[in-house]
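Worksheet: the structure to be examined is printed underneath.
Read the numbers this way: they start at 1 and go in the same order the structure lists the ligands and their atoms. Not measured: the values here are computed from a predicted model.
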Amino acid sequence: MAHDRMLQFVDRTQAYPDKRAPDLRAEDFREIADRYGVPAAEEQAGRCSQCGVPYCSVHCPLHNHIPDWLRLTAEGRLREAYELSNSTSTMPEICGRICPQDRLCEGNCVIEFSGHGAVTIGSVEKFITDKAWDEGWVEPVAVGPARGQSVAVIGAGPAGLSAAEYLRGNGYEVHVYDRHDRAGGLLTYGIPGFKLEKPVVMRRVDRLKAAGIVFHEGFEVGRDATLDDLRRRHDAVLVATGVYRARPIEVGGGELPGVVAALDYLTASNRKGFGDAVPAYDDGSLCATGKDVVVIGGGDTAMDCVRTAIRQGARSVKCLYRRDRANMPGSKREVANAEEEGAEFMWLSAPAAFEGGDTVAHVRLRRMRLGAPDASGRRAPEPDPSGDETVAADLVIKALGFDAEELPRLFGAPDLGVSRWGTVLVDGRTLMTSLDGVFAAGDIVRGASLVVWAIRDGRDVATAMHKWLKAKAKAEKVAA
Ligand SMILES: Cc1cc2nc3c(=O)[nH]c(=O)nc-3n(C[C@H](O)[C@H](O)[C@H](O)COP(=O)(O)OP(=O)(O)OC[C@H]3O[C@@H](n4cnc5c(N)ncnc54)[C@H](O)[C@@H]3O)c2cc1C
Ligand code: SF4
């Protein structure tokens, strides 16, 4: 690469003299960064063209001010970059790690469109926020003057935690109820530690505890209290319980030992990572070490199972998906990662039966082909007459996705309005459910989605609840 172009790059990275798109390629920047020791985050941030229409921000569910904090990063003003990124997100370092950026911010970067590879926005976001934690720039939650009103949040996943943080900031007493023994929802027990290190989640939870948010862990609404009990105890209630009903596979042999649900498998692995005693992991029922593993499904949960099994030292890992590569729902990047790590994908394959003796020993699979498009416009898979095949399996992990549990029944609240998929219905403007003072957010409203959307929903619902609670306090004052 020409020397003057190198200097031009170094100049831009350090001083950011103009805001035009550099015409260098991603590999050029990497070469320069290595050669001159320019920090990778600042180098990447310096590639942002500051284009007039920030498509990246538009496609980020939080509408983060991406070009602005990239510019600050490129200028070496890391604390300001962190503060700006933190102003729209309660968990920027978590999103930086696990957002499917190829479908959101980075997938809409104009430099990507021009064929030069997107600015790696997520890794810059992770870097500046991790740096902020290391440097002590992350401030305690600024708690507003006490309002004398309290709020119950059911579910300590990203939606519940984000709402709790904003509501506490507005001076409410906040109680978070979760059936697990640790907060974090799927951040803690679903997403594997190699994608999201657990101390990163726990330090966020600890910050909320330090702000006076009261966590009731091991508290299951439906078992330990009804929804009405919580409505009586608090001025408002937020339902942020996520979706946990695993979609079934209707084939024979599903009851054989060795055929397990994805979330049981991932939770055991995550608990082990925390150092918990996990008998089902230790006795091998939820552990892949030395086994022939077959994962069924084509979404991100399936990819997490595949990659966890590889890390646990499985003898072989196969992933069965009934459509082809182009039609799978999971992130292409995750598939590429899994393949690179040694997983074998069996496209156009569906399980026909799980077979074995005392435990599962094989999966009989049916070859599929893509037929005419279904109602959703996707080509529906149908059995291929070429016949069945058998693959060895001593651990089968079912990862077909999740639906909502039956909340009206579980919560003893038959009047809680839900859709035909079981997701909780909310008014689009007030975000309130069919029950007065009961709001809902996150996956339980959208169906299985993404962490960044849960954070966005938590932010929005906190604003809506604040408005409603202020009106309630005013009405009570007038009545008194
Ligand atoms: C294996 C897996 C991997 C994923 N990977 C990614 C990823 O890489 N990137 C990404 O963006 N998204 C990912 N997702 C999706 C993401 O985790 C969810 O969209 C997000 O966590 C939803 O947040 P939430 O707060 O709505 O619900 P959750 O995170 O599910 O939290 C809900 C909480 O409610 C609690 N709860 C439920 N019922 C009750 C009750 N009756 N009483 C008390 N507490 C209750 C649960 O214990 C849980 O803690 C993944 C999902 C899975 C399953
Ligand atoms: S929150 Fe997610 S989509 Fe938004 S900038 Fe960060 S990584 Fe991109």
Side-chain angles (χ1 to χ4, degrees), residues 56-57 59-66 69-70 85 88-89 91-109 118 120-126 129 152-163 176-192 195-196 216-225 227 230 238-244 246 262-263 265-267 270 297 299-305 308 330-331 333-334 399 401-402 404-405 407 410-411 440-458:
C56 53
S57 299
H59 290 271
C60 163
L62 293 165
H63 301 318
N64 284 339
H65 305 300
I66 301 166
W69 49 253
L70 287 176
S85 121
T88 46
S89 175
M91 306 180 186
E93 74 284 24
I94 292 179
C95 293
R97 282 172 167 83
I98 56 158
C99 270
Q101 285 99 5
D102 52 341
R103 286 186 261 155
L104 301 170
C105 53
E106 293 176 18
N108 291 282
C109 169
T120 57
I121 296 166
S123 54
V124 175
E125 187 179 28
K126 164 184 176 295
T129 317
V153 175
I154 312 173
L161 293 182
S162 295
V176 179
Y177 298 87
D178 201 290
R179 64 185 170 194
H180 274 307
D181 56 346
R182 289 185 181 92
L186 290 171
L187 301 177
T188 297
Y189 285 132
I191 301 173
K195 276 169 63 181
L196 176 59
H216 303 262
E217 285 150 355
F219 188 112
E220 180 164 339
V221 178
R223 182 193 64 194
D224 301 314
L227 183 58
L230 294 189
L238 171 63
V239 179
T241 49
V243 290
Y244 284 91
L263 213 49
Y265 173 69
L266 293 171
T267 303
N270 278 318
D300 289 341
T301 301
M303 295 313 110
D304 285 347
C305 293
T308 300
S331 144
R333 193 164 66 183
E334 287 289 290
F402 303 93
E405 293 167 284
L407 284 199
L410 290 176
F411 281 7
D443 278 7
I444 192 58
V445 175
R446 296 182 175 272
S449 178
L450 292 174
V451 168
V452 64
W453 277 113
I455 295 172
R456 163 72 188 271
D457 292 348

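Among protein heavy atoms, the minimum distance from atom 8 (Fe) of ligand 2 is reached at Cys105 SG, 2.3 Å. Among all non-hydrogen protein atoms, the one lying nearest atom 31 (O) of ligand 1 is Gly157 CA, 3.4 Å. Of all protein heavy atoms, the one closest to atom 34 (O) of ligand 1 is Gly155 CA, 3.2 Å.
Side-chain contact of Tyr189 with Asp181: a donor-acceptor pair under 3.5 Å is present, judged by distance alone. Side-chain contact of Thr88 with Asn64: a donor-acceptor pair under 3.5 Å is present, judged by distance alone.
Counting heavy atoms only, Ile191 comes closest to atom 13 (C) of ligand 1 of the residues Leu263, Ile191, Thr241. For atom 14 (N) of ligand 1, the choice among Pro61, Ala399, Ser449, Gly242 with the nearest heavy atom turns out to be Ser449. Here atom 24 (P) of ligand 1 lies nearest to Pro158 when heavy atoms of Ala302, Ser162, Ala448, Pro158 are compared. Between Val451, Leu187, Leu227, Val452, it is Val451 that holds the heavy atom closest to atom 12 (N) of ligand 1.
Between Lys195 and ligand 1, at least one N/O pair is under 3.5 Å apart. Not one N or O of Thr301 is nearer than 3.5 Å to an N or O of ligand 1, by distance alone.
With contacts defined as side-chain heavy-atom distances shorter than 4.5 Å, the pair Leu227/Leu407 does not qualify.
A donor-acceptor pair is defined here as one N or O able to donate and one able to accept, closer than 3.5 Å; such a pair exists between the side chain of His63 and the backbone of Ser57.
Residue contacts to atom 8 (Fe) of ligand 2: Cys99 brings no N, O or S atom closer than 2.8 Å.
Contacts between Leu266 and ligand 1 below 4.0 angstrom, taking non-hydrogen atoms only, involve the side chain exclusively. Contacts with ligand 1 closer than 4.0 Å are made by backbone heavy atoms (N, CA, C, O) of Phe219 only, the side chain lying farther away.
The N, O or S atom of Glu125 with the smallest distance to atom 6 (Fe) of ligand 2 is OE1.
The residues Glu405 and Arg179 are annotated as salt-bridged, a charged nitrogen and a carboxylate oxygen being separated by less than 4.0 angstrom.
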